[in-house]
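The next block holds one structure in the form of structure tokens; read it before the comments.
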Amino acid sequence: SLADLLTEKDDFFDQVVDNWPRLFPGLPARPGRVQDGCIYLYVTKATTSFSLRAKLPFIRRQLQTLPHAPKTINLRVEIHAS
């Protein structure tokens, strides 16, 4: 599909998506995409985006516990309506 062509294939990102509910139950964000080695976390509101930024170091540390995690995990937060 066209969406598959526009989305980078990244095995670590697939792991993040699969493990997200277990690692971060109730966190109002979800992994949306990976682009140029950066994982974009999607939230639905600007206020959530602001509060989530303070949690990025914690999220990064948790993701580094996954098998084959890269040494550096770059995270960005984006607001998405859905």
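Given the structure is predicted, the values throughout are model-derived calculations rather than measurements.
- For the atom pair Ser51 OG and Leu27 CG, the distance stands at 8.5 Å (nearest 0.5 Å).
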Which atom pairs, one a donor and one an acceptor, fall under 3.5 Å between side chains of residues 13-20 and the rest of the protein, sequence neighbours left out?
unit_1, atom_1, unit_2, atom_2, d
Asp14, OD2, Lys9, NZ, 2.5
Gln15, NE2, Pro67, O, 2.7
Asn19, OD1, Arg22, NE, 3.4
Asn19, OD1, Arg22, NH2, 2.9
Asn19, ND2, Gln15, O, 2.8
Trp20, NE1, Ala29, O, 2.9

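- Side-chain contact between Ile59 and Leu52 is present, with heavy atoms from C-beta onward closer than 4.5 Å.
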Can I get a per-line list of side-chain donor-acceptor pairs under 3.5 Å for residues 70-79, giving both atom names and the distance, sequence neighbours left out?
unit_1, atom_1, unit_2, atom_2, d
Glu78, OE1, Arg33, NH1, 2.7
Glu78, OE1, His80, NE2, 2.9
Glu78, OE2, Arg33, NH1, 3.4
Glu78, OE2, Arg33, NH2, 3.2

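- Residues satisfying the side chain to side chain contact (heavy atoms under 4.5 Å, CB included) criterion with Thr47, sequence neighbours excluded, are Lys45.
- Contact record, Ala54 with Pro57: O-CD, 3.6 Å, taken as the closest heavy-atom pair.
- Phe58 and Leu63 fall within a single hydrophobic cluster, where Ile, Leu, Val, Met, Phe, Trp and Tyr are joined by side-chain heavy atoms under 4.5 Å apart, directly or via other members.
- Pairing each heavy atom of His68 with each of Phe12, the nearest pair is O-CD1, 4.0 Å.
- The list of salt bridge (Lys or Arg N to Asp or Glu O under 4.0 Å) pairs with a residue in residues 51-65, not counting sequence neighbours, is empty.
- Placement of Phe50 and Leu41 in two distinct hydrophobic clusters is found when ILVMFWY residues are connected by side-chain heavy-atom separations under 4.5 Å, directly or transitively.
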